Every structure is written in C-alpha cells, then in structure tokens.
Amino acid sequence: MSSHSKFDVSTLIAELRALQENTSIDEAQRQELCAALQEASLAVESPLETVNRIGFSTLNLGVVQVGIDLGLFTILGKSPGSMTAEELAQATGSQPELLVRLLRYLSSTGAIDAVAENKYIASKITKTLAEPGMAAGVDHAYGSLLPCFQAMPKFLAETKYQLPVDNAHTAYQMANNTDLPAFVHAMKTSSPEKLQRFGLWMQTNKASLPQWLDTIPFEKLCANDDPEKPIFVDVGGSIGHQSVAVKTKYPALPGRIIYQDLPPVIAHGLQVPGVESMVYDFFQEQPIKGARVYYFRNILHDYPDEKCLAILKNTAVAMDEHSLIFIDEMILSAFKPYYQAAEMDLMMMLALAGAERTDKEWETLIDAAGLKIKEIFTYNKLVRQSIIVLVRK
Ligand SMILES: C[S@@+](CC[C@H](N)C(=O)[O-])C[C@H]1O[C@@H](n2cnc3c(N)ncnc32)[C@H](O)[C@@H]1O
C-alpha cells in the first residue's frame, strides 16, 4: 500500500489480529466480514502471490488428505500439550524425516500451529479437520472432485466448449474412465466406508449454517389433520438426517415421516422411531401418494433440466391438491454470486451436468414440470439457500 494510504496499516493489522480472539460476532456479521476480508486479501496480494495462490491450491488439499489418512489432526487435537515431529511420527506410523516436511507446510497454512522449532500444537483448523464429518468433506473433495477439476480443461477442449447437458458425458466420466453417470458409478465402485463418509459429509456440511427448520413456519405450512397421511417424504434423503430433524423438532406431528434413497444408502440409514426408510428410485413414479410435503434437498442441482423434469413429474403425479413440494436449494445470483455458490455451480456442471439455478432458471424448470411457485423462504442469504414451495398448477 502507498504511504498516502488513508489507513494506518499497523493499526489495521493489530485490529485484525485482535479479531482472532473475538468470538462475539453473530453469524450474519461473521459471513459478511469473511467476504470482506477475502476481497481485501485479493486486493492487496501481489501478482506473484496471485499465481502462487492459484497454482498451489491443490497442494493444500493433497497434504491435508495425507494428514487425515495418518490421523494426524485427531492425534494433535487430543494432545494436551505440544508434540514433536518424532512423537507425531511414532503416533501416526510415519517416518519423522518425511513428517517434519509435511508439518512445516501445514503450520505455514494454519492447519496446525507451531509453538517453537519442531513443537506443534492443534490450531482451530486442526480441530475442524479432526471432526469425522469435516474430514469426510476433504475426502470427498480429494477423492471425487479433484479428478473432475483436473479433467476439466481437456474435457471442455474436446467438447469444443459446449455446456455439458448429458450426465453420462461430463468431466467425471473422463476422470473416472467410465460411461456411467457419477452417482451410478459411485454406487457401483465405492466401498461401503466411502459411501458412509459421503453420507456423513452431506449430514455435516450444512449443520453449522442457518437451518431451514428454524426459519420456515413448517407446522403452519404443513398443517395436517389426518394422522394416516404421510406428512414429510424426503426424496433422495440420504441416511435420513433431515427426516430425523423434522421428527426431533416436531415429535407430536401427526403423519408418517419417510426418507427415500437407493438401496446402498438405505442399508446404512438412520434408525429412529417414527421415521421410516424406503428404497425408491426417483426416476420411477413416487409410490407415496398425497403426502403433505415432498422434500428435495440438493437433488435437482445434481441434474440437467431434462432429468429434473422427470423427477418433478414423477412427484407431481403423486401429489393431491394439498400436497406441496419443498425444493431446498440455492437460488444463484445471476450478478456477482457469492464465491461458494459459484463454486458449487461449476462443480455440479463438471461432475453431473447439473447446475445451481438462477431465479429465471428455476421459474422455467418449475413451469415446464406443470408446477408453480407458491412461496420462497431464503434462509441463508449469502448463498441464497432457500425453500422454494411448489404446488400443482
Ligand atoms: C447430493 S445428495 C443429497 C442428500 C440429501 N438430500 C441431503 O441434502 O443431505 C443426493 C442423494 O440422492 C441420492 N440419489 C441419487 N440418485 C438417486 C435416485 N435415482 N433415486 C433416489 N435417490 C437417489 C443419493 O444417494 C444421495 O443420497
């Protein structure tokens, strides 16, 4: 920064350091601050720092994955004091000469802290990475997403820079040497442990964010006087965590609560009294008729429009005049979306020919499925994660 800067840089740095101790800001303020700090960081970095930031971004992912594989973050996170590279090498079954190189790198990124030469302690990030649900997110990024990101330039060049619209022809197929759509391929080739980690990540990745059930007037929207009527059907509901959340928040709600998914996922689904699991392929007609709510969280963004239409139409035929569909997804800002929303959009495109959809894109899709928007509740403003409530036209 120039000497004419109106900021006192030292004061600013001191204030930013003091911020690290401040835990009293609320979530909305924290998100705004985080976005502003990221913008500021980009604004002050040098050209060389720009290239290094972009060029080395996947090194961070690779080293963190090694740390997870070794159990490094769990061991350091549980340690009452600092640990040396030798102690950590012994605890992780690795060679000290190798581990110290990784530890130095991890301390430079903040994934662990160094208190002196060769003395390491857990940082805030270490504790995050020690949580199984968070580690599962890194595992997913490393094992499933990174190969797609790497294949992208070649894939897009070979397809002459056309938007992928076939979920059996994306960067995923090129990266995995398969003709199968990503979910079909993943179900066939993933170990039960890998599928379980993916379910855990789906469960964890939104747990610290504003929750839809805390924001929308669920009871009012779903008033149900018939206890025989299914009240909540979570389609593609993974291991059933959202159904369990509904049951936990509204234990006395009359009506069946059901989550549906493919057989390998249902096989290790949550077993909770009052919550049913069901094997169902959403490309077939919905077998639960006249439910009060059919809930789809992060399902449609996995598919191109044509497949979304099939899924919605399979649901629409099961709806009665009181049935609602809740689509729980982002509504992508067409102008300057928040980076996390834009990242998700490209990730969906590369792996699945899917998309995060803008207001207009949602309206067009929903209209084509013979449905209409009744109401929208946006419960995470930064990425515009919303419940889009639909009724039959
Ligand atoms: C992105 S995950 C979302 C899971 C859950 N709704 C959530 O938000 O945590 C997509 C889910 O759809 C399931 N799925 C994929 N294809 C399916 C199909 N044809 N029928 C039913 N479920 C399917 C997957 O197994 C996975 O659990």
Side-chain angles (χ1 to χ4, degrees), residues 68 128 130-145 181-214 218 230-251 253 255-284 286-288 291 293-303 311 314-315 325-330 344 347-348 351-352 354 379-380 385 387:
I68 289 170
T128 299
E131 286 175 33
M134 294 297 187
V138 174
D139 186 81
H140 175 59
Y142 179 76
S144 302
L145 306 183
F183 273 119
V184 180
H185 177 259
M187 293 286 171
K188 270 204 162 158
T189 58
S190 303
S191 64
E193 294 74 31
K194 187 169 179 187
L195 287 176
Q196 206 157 355
R197 282 198 299 273
F198 180 68
L200 184 61
W201 173 231
M202 287 298 108
Q203 190 179 353
T204 310
N205 66 13
K206 301 213 167 47
S208 63
L209 298 174
Q211 299 296 308
W212 68 280
L213 277 170
D214 293 335
F218 183 78
I231 184 147
F232 185 76
V233 180
D234 187 357
V235 189
S238 184
I239 56 172
H241 43 285
Q242 290 307 304
S243 299
V244 173
V246 169
K247 186 71 193 166
T248 308
K249 193 165 171 87
Y250 302 106
L253 205 65
R256 295 165 67 196
I257 295 177
I258 303 157
Y259 65 93
Q260 303 173 318
D261 211 294
L262 295 174
V265 180
I266 291 297
H268 57 77
L270 298 169
Q271 306 286 326
V272 169
V275 175
E276 300 169 48
S277 63
M278 175 184 272
V279 168
Y280 164 60
D281 172 354
F282 49 53
F283 290 109
Q284 309 298 320
Q286 171 60 255
I288 302 290
V293 174
Y294 296 94
Y295 176 73
F296 292 84
R297 186 172 88 151
N298 294 344
I299 297 298
L300 301 179
H301 74 171
D302 290 346
Y303 294 97
I311 296 170
N314 282 333
T315 313
I325 290 180
F326 285 4
I327 296 179
D328 186 347
E329 293 228 4
M330 289 180 198
M344 285 296 280
M347 196 258 277
M348 293 302 152
L352 303 161
Y379 65 94
N380 182 350
Q385 184 82 20
I387 299 287

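One-based numbering along the sequence shown. Predicted model only: the values in this text are computed from it and were never measured.
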Taking all non-hydrogen atoms of both residues into account, name the closest pair between [X] and [Y] and its distance.
{"X": "A351", "Y": "A182", "result": "O-CB, 3.7 Å"}
{"X": "V265", "Y": "I239", "result": "CG1-N, 4.1 Å"}
{"X": "G240", "Y": "L270", "result": "C-CD1, 4.1 Å"}

*Could you walk me through whether L209 and Q385 pass side-chain contact (heavy atoms from CB on, under 4.5 Å), step by step?*
CA-CA 10 Å; L209 298 174; Q385 184 82 20; over 6 Å; no
Once side-chain contact (heavy atoms from CB on, under 4.5 Å) is applied, do any residues pair with [X], and if so which ones, sequence neighbours excluded?
{"X": "M202", "value": "F198, N205, H241"}
{"X": "T189", "value": "H185"}
{"X": "M344", "value": "H301, M330, M347, M348, E356"}
{"X": "I311", "value": "F282, F283, F296, I299, L300, Y303"}

_Heavy-atom side-chain contact between L200 and P132 under 4.5 Å_ = yes
_P273 side chain reached by K247 side chain, heavy atoms, under 4.5 Å_ =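 Heavy-atom side-chain distance check fails, nothing below 4.5 Å.
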Atom [atom1] in [X], atom [atom2] in [Y]: separation rounded to 0.5 Å?
{"X": "L253", "Y": "F232", "atom1": "CG", "atom2": "CZ", "result": "10.5 Å"}
{"X": "D261", "Y": "S238", "atom1": "CG", "atom2": "OG", "result": "6.0 Å"}
{"X": "K194", "Y": "S144", "atom1": "NZ", "atom2": "OG", "result": "3.5 Å"}
{"X": "M187", "Y": "L195", "atom1": "CE", "atom2": "CG", "result": "6.0 Å"}

Please identify each residue that fulfils side-chain hydrogen bond (donor to acceptor under 3.5 Å, both in side chains) with [X], with sequence neighbours left out.
{"X": "Y379", "value": "D328"}
{"X": "Y294", "value": "none"}
{"X": "W201", "value": "none"}
{"X": "Q286", "value": "Q260"}

*Pairs in or reaching into residues 267-283: which pass side-chain hydrogen bond (donor to acceptor under 3.5 Å, both in side chains), with residues at least two apart or in two chains?*
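Applying side-chain hydrogen bond (donor to acceptor under 3.5 Å, both in side chains) to every pair that reaches into residues 267-283, excluding sequence neighbours, yields R256-E276.
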_Residue pairs fulfilling side-chain hydrogen bond (donor to acceptor under 3.5 Å, both in side chains) with at least one residue in residues 130-140, sequence neighbours excluded_ =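 Of all non-adjacent pairs touching residues 130-140, those that pass side-chain hydrogen bond (donor to acceptor under 3.5 Å, both in side chains) are D139-R197.
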*Test I327 against I325 for side-chain contact (heavy atoms from CB on, under 4.5 Å), laying out the working first.*
CA-CA 6 Å; I327 296 179; I325 290 180; 3.9 Å; yes
*Going through the checks in order, is the side-chain contact (heavy atoms from CB on, under 4.5 Å) test met by V293 and I231?*
CA-CA 6 Å; V293 174; I231 184 147; 5.7 Å; no
_Over 60° means perpendicular and under 30° means parallel, so tell me whether Y250 and F218 are parallel, tilted or perpendicular._
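Correct class here is parallel.
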*Are Q242 and W212 close enough that a side-chain donor and a side-chain acceptor fall under 3.5 Å?*
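Per modelled atom types, Q242 and W212 side chains form a pair under 3.5 Å.
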*Donor-acceptor contact below 3.5 Å, side chain D234 vs main chain Y259*: no
*With sequence neighbours left out, what residues match K249 under salt bridge (Lys or Arg N to Asp or Glu O under 4.0 Å)?*
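K249 satisfies salt bridge (Lys or Arg N to Asp or Glu O under 4.0 Å) with D214 once adjacent residues are dropped.
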*Verify side-chain contact (heavy atoms from CB on, under 4.5 Å) between T204 and M134, making sure each step is shown before the conclusion.*
CA-CA 7 Å; T204 310; M134 294 297 187; 4.2 Å; yes
*Can you list the residues that meet the ring-ring contact (aromatic ring centres under 6.0 Å, His included) rule with Y142, with sequence neighbours excluded?*
none
